[in-house]
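Read through the structure below, which is laid out as structure tokens, and then see the notes.
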2 protein chains.
Amino acid sequence: MANLAPPIDMRNCGDCPIRHRAVCARCDSDELAHLEQMKYYRSFQAGQTVIWSGDRMDFVASVVTGIAKLTQTMEDGRRQMVGLLLPSDFVGRPGRQQAAYDVTAVNDVVMCCFRKKPFEELMVRTPHVAQRLLEMTLDELDAAREWMLLLGRKTAREKIASLLAIIARREATLKQRSLGVTVFDLPLTREEMSDYLGLTLETVSRQMSALKREGLIVLEGNRRVTVPDFNKLMDVTGDDSDGGMLS
Amino acid sequence: MANLAPPIDMRNCGDCPIRHRAVCARCDSDELAHLEQMKYYRSFQAGQTVIWSGDRMDFVASVVTGIAKLTQTMEDGRRQMVGLLLPSDFVGRPGRQQAAYDVTAVNDVVMCCFRKKPFEELMVRTPHVAQRLLEMTLDELDAAREWMLLLGRKTAREKIASLLAIIARREATLKQRSLGVTVFDLPLTREEMSDYLGLTLETVSRQMSALKREGLIVLEGNRRVTVPDFNKLMDVTGDDSDGGMLS
DNA sequence: TGTTCTGTTTGATCTGAATCAAGGAAACCC
DNA sequence: GGGTTTCCTTGATTCAGATCAAACAGAACA
């Protein structure tokens, strides 16, 4: 209901990653002008569905602000999150007809969109776009595989700690702060966390309480989390203990 | 111990996907000649490690024959398979220094390799290579996400059925047979299956026995599997029930 | 022809997370 | 300010799959 018009200051376009990261870095300005003309913005309210799995998808986009999730659902309702899209992440697959998963706005989201057909044509003309997208897709693949280890082999406790560590690290990077003490708001509800981690929301809640009881995290309300000692949290994740600093 | 020399009939090169799928389809013959000169073959014995996680990876490759697995291992030994490489699958990430996972030959494997540096240079000159790789990577990402649903939400029984269905379907496609009745040899040991599915090998064995008891599969020895009715097997996977016939 | 592997099956028991079931607490809304 | 809704926590119980333990089957080999 809330989209297709761009009430967005063009200056925001500076954050648009398709322009910035996929194209701008290496393309000449003619191509850039092309992209400029093609793009349009859409915004989505928290909870709104961007695309349903199986729908034909006639655009590609990148997240400008907000967070969106990719989910797969089984016939009986069991649900698994399979991707979390943060600002600058790319949505949609050039060369593919149908969406493979549901895409839903977690909070209010703005996306920078391009019609698929012309974008694909542009991709043929400007090799750097394909190369940049390949890079981004490889990163996503790495993340997905990390996630598979989590889903297949980690305990509930380790899963929660891993998720908190991921968010804390991202938050620290975003705000250019060190990882020593981190404070942030969880972008996900308990249920979304459970969909992410392959758990029930009760188990998520219990494990959060446990970590709180042990002083590994401090909770103000349900959402605001303080991690007093990042390394202690990392010890619980089961990951290699370099603190993840050598990304 | 067993590599770096090509005792392989050049005609096998017809199966080499880098040539065939990434390049050949759309590139002029000069580029092809380039690729021809660059490539070399390596073969690996069953169980041999192709690359260790963290090693610097100075080549990219594609599987010509055999099957290789990607695995991640936690400090305490818990292991999760995160990828299964079949003939024509691509190994390695242009633009990345280190290998992110262990790559191991499941059975005897031949790979068609290219030194990374010149391959990357070639990628810049020939846009279709990057585009083809992007397509392949997107496919892998889709597979990984399907796999995440399996790991996070499926029961042991559904996991086993899903794995068997995947292999049966691939086998049928390969031999151009219909899916009605399928016979094939499992390429994986019970332990490898458990690594794939996030289970213990005992549970894998038990569930295999259960499917056998119920007549959903017939086992000759441990490896040879007959699926008398593919649709009945699909009913157990928990997947949407189109029988997977639409791609 | 036994001997030793390696891979597999099966049984008994345990346990971590799911399920079932109440309540609490913050946000929203007349 | 009370009522509704949505989200979260906590407790009691159950159960699927892990763990521990033993035995079996086929292949390799001497």
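What's counted below: heavy atoms across the whole structure, side chains too, no hydrogens, waters or symmetry copies. Each chain gets a letter, A, B and so on, in the order its sequence line appears, and its residues count up from 1.
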Between E191(A) and R153(A), just flag the one whose closest nucleotide in DNA chain D comes earlier from the 5' side. E191(A)
Checking I67(B), V50(B), L70(B), V109(B) against L85(B) for side chain to side chain contact (heavy atoms under 4.5 Å, CB included), the one that qualifies is L70(B)
Residues that E220(A) engages under salt bridge (Lys or Arg N to Asp or Glu O under 4.0 Å), provided they are two or more places apart: none
Between E214(B) and K232(B), is the closest basic N to carboxylate O distance under 4.0 Å? no
With each end axis built from five pairs of C1' atoms, what bend angle do you get for the helix from dT1(C)-dA30(D) to dC30(C)-dG1(D)? Round to 10°. 30°
Kindly say whether T73(A) contributes a backbone atom to a donor-acceptor pair with the side chain of R79(A) at under 3.5 angstrom? no
With a 4.5 Å limit on heavy-atom distance, are the side chains of V63(A) and M111(A) in contact? yes
K154(B) has an atom NZ; how far is it from atom C1' of dA16(D), in whole Å? 17 Å
Those residues of residues 193-206 of chain B lying under 4.0 Å from DNA chain C by at least one heavy atom: E202(B), S205(B), R206(B)
Check every atom of dT8(C), dT10(C), dG17(D) against the side chain of S209(B) and return the nucleotide holding the closest atom. dT10(C)
Specify the separation, in whole Å, of atom CG of L219(A) and atom P of dT9(D). 7 Å
Short N-O contact, R93(B) and D139(A), less than 4.0 angstrom: no
